[in-house]
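Numbering of ligands and ligand atoms starts at 1, following listing order.
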Amino acid sequence: MTRKRVVILISGRGSNMSALIEAAGDPNAPFDIVGVISDSDDAKGLVAAASLGIETKAITRTQHPGKEALDSALDAELSRMKADIVCLAGYMRLLTPAFTERWAGRIVNIHPSLLPLFRGLDTHKRVLESGMRLHGCTVHFVTAGMDEGPIIAQAAVPVLPDDTEGDLATRVLGVEHQLYPLALRLVATGKARMEDGKAVLGGVAAAGSLLSPGSAVDEVDIESLARMTP
Ligand code: GRF
């Protein structure tokens, strides 16, 4: 199978980006990371990607005032990089409907909550305030609405009694780094597709994992829980 060409969009530190780059290092991975684009010149992730020999580019609001102008520049750059799939990884702009429509089924995002709960920012703080005993992350196809597209895969972690916002963020981030490469493999191999506005999974036993409260987080093995069948 030809490896899909993936471009990652970031705004900040890029730890999910790094997890995807590491996953692409597997000779059996169905994708290559061919570029990283940021909407800010000083995103830390740009430095990390460049140090790994990946082409990087900043496409900023200052260069392209107006949402449409910025998204057109982004689209042109993605075409130049010959992107098959776009991964949002902490990209802090809402894309225009024209852009999400053009990339429909080929653009995915990771969000630090069990969607459709806790869309938007400050998810860990809001989960703690809500009293939820479970939290987690979601990879979904991107549509025009914020954090609204069809869900591809999810992983849940416990909220422990003495958790701070930071504790919870760290625990969720640990599973994000496992879930995103898994979900991207599903999309790159065509096992997860978007059809009629819904996510369709084929040849996948499960695309969710659940940790019971109190179990050690480092015991999570999302790969075995979301085993792919041939
Ligand atoms: C992650 O929590 C991701 O779920 C959210 O933004 C954060 C990005 O972190 N969309 P990083 O830049 O990947 O470290």
Side-chain angles (χ1 to χ4, degrees), residues 6-25 31 33 35-52 54 56-60 74 85-95 99-100 103 107-128 132 134-157 159 163-184 186-187 207-209 211 217 220 222:
V6 173
V7 174
I8 305 174
L9 306 192
I10 62 166
S11 296
R13 75 189 153 182
S15 71
N16 278 288
M17 171 205 80
S18 298
L20 295 178
I21 293 172
E22 192 184 330
F31 55 84
I33 309 301
V36 172
I37 301 176
S38 172
D39 64 340
S40 117
D41 290 314
D42 54 6
K44 287 206 178 92
L46 286 179
V47 180
S51 75
L52 295 168
I54 293 174
T56 60
K57 174 120 187 163
I59 299 182
T60 67
L74 198 52
I85 299 171
V86 178
C87 286
L88 307 186
Y91 187 66
M92 301 302 287
R93 285 183 61 243
L94 192 57
L95 295 158
F99 184 94
T100 55
W103 287 90
I107 179 165
V108 297
N109 178 45
I110 186 155
H111 180 74
S113 81
L114 292 172
L115 290 173
L117 298 175
F118 305 104
R119 292 181 171 127
L121 299 174
D122 297 325
T123 58
H124 311 303
K125 180 166 179 279
R126 289 189 287 139
V127 164
L128 281 178
M132 290 276 295
L134 285 172
H135 184 26
C137 57
T138 303
V139 178
H140 63 95
F141 287 111
V142 174
T143 54
M146 186 177 61
D147 305 324
E148 264 183 21
I151 292 169
I152 300 165
Q154 292 186 302
V157 299
V159 180
D163 272 346
T164 63
E165 198 181 331
D167 295 335
L168 207 45
T170 304
R171 190 172 311 127
V172 171
L173 197 64
V175 288
E176 288 186 42
H177 296 165
Q178 297 176 64
L179 190 73
Y180 212 174
L182 167 76
L184 180 55
L186 296 180
V187 174
S209 86
L211 263 181
V217 170
V220 190
I222 291 176

shortest atom 8 (C) of ligand 1-to-protein heavy-atom contact is with G90 CA, 3.7 Å
Atom CD1 of I107 and atom CD1 of I85: how far apart are they, to the nearest 0.5 Å? 11.0 Å
N or O pair under 3.5 Å between G14 and ligand 1: yes
Taking all heavy atoms of L184 and all of L20, pick out the closest pair and write down the distance. CD2-CD2, 4.0 Å
Which of the numbered atoms in ligand 1 are under 4.0 angstrom from any heavy atom belonging to P112? 2 (O), 4 (O), 5 (C)
Let's go through V108 and F141 carefully: what are the C-alpha distance in whole Å and the side-chain angles of both, what is the deciding distance for side chain to side chain contact (heavy atoms under 4.5 Å, CB included) to 0.1 Å, and is it a yes or a no? CA-CA 4 Å; V108 297; F141 287 111; 3.8 Å; yes
Taking the side chain as C-beta and beyond, is there a heavy-atom pair between L128 and K125 under 4.5 Å? no
Residue among I10, I110, V142 satisfying side-chain contact (heavy atoms from CB on, under 4.5 Å) with L88: V142
Could you tell me whether some N/O pair between I110 and ligand 1 is separated by less than 3.5 angstrom? yes
Around atom 9 (O) of ligand 1, find the nearest protein heavy atom and jot down its residue, atom name and distance. R13 NH2, 3.3 Å
Check contact between C137 and ligand 1, using heavy atoms of the residue and a distance below 4.0 angstrom. no
Number the atoms of ligand 1 from 1 as they appear, then name those within less than 4.0 Å of a heavy atom of E176, with their elements. 1 (C), 2 (O), 3 (C), 4 (O)
Is any N or O atom of S15, backbone or side chain, closer than 3.5 Å to an N or O atom of ligand 1? yes
H111 and H140 aromatic centres sub-6.0 Å: no
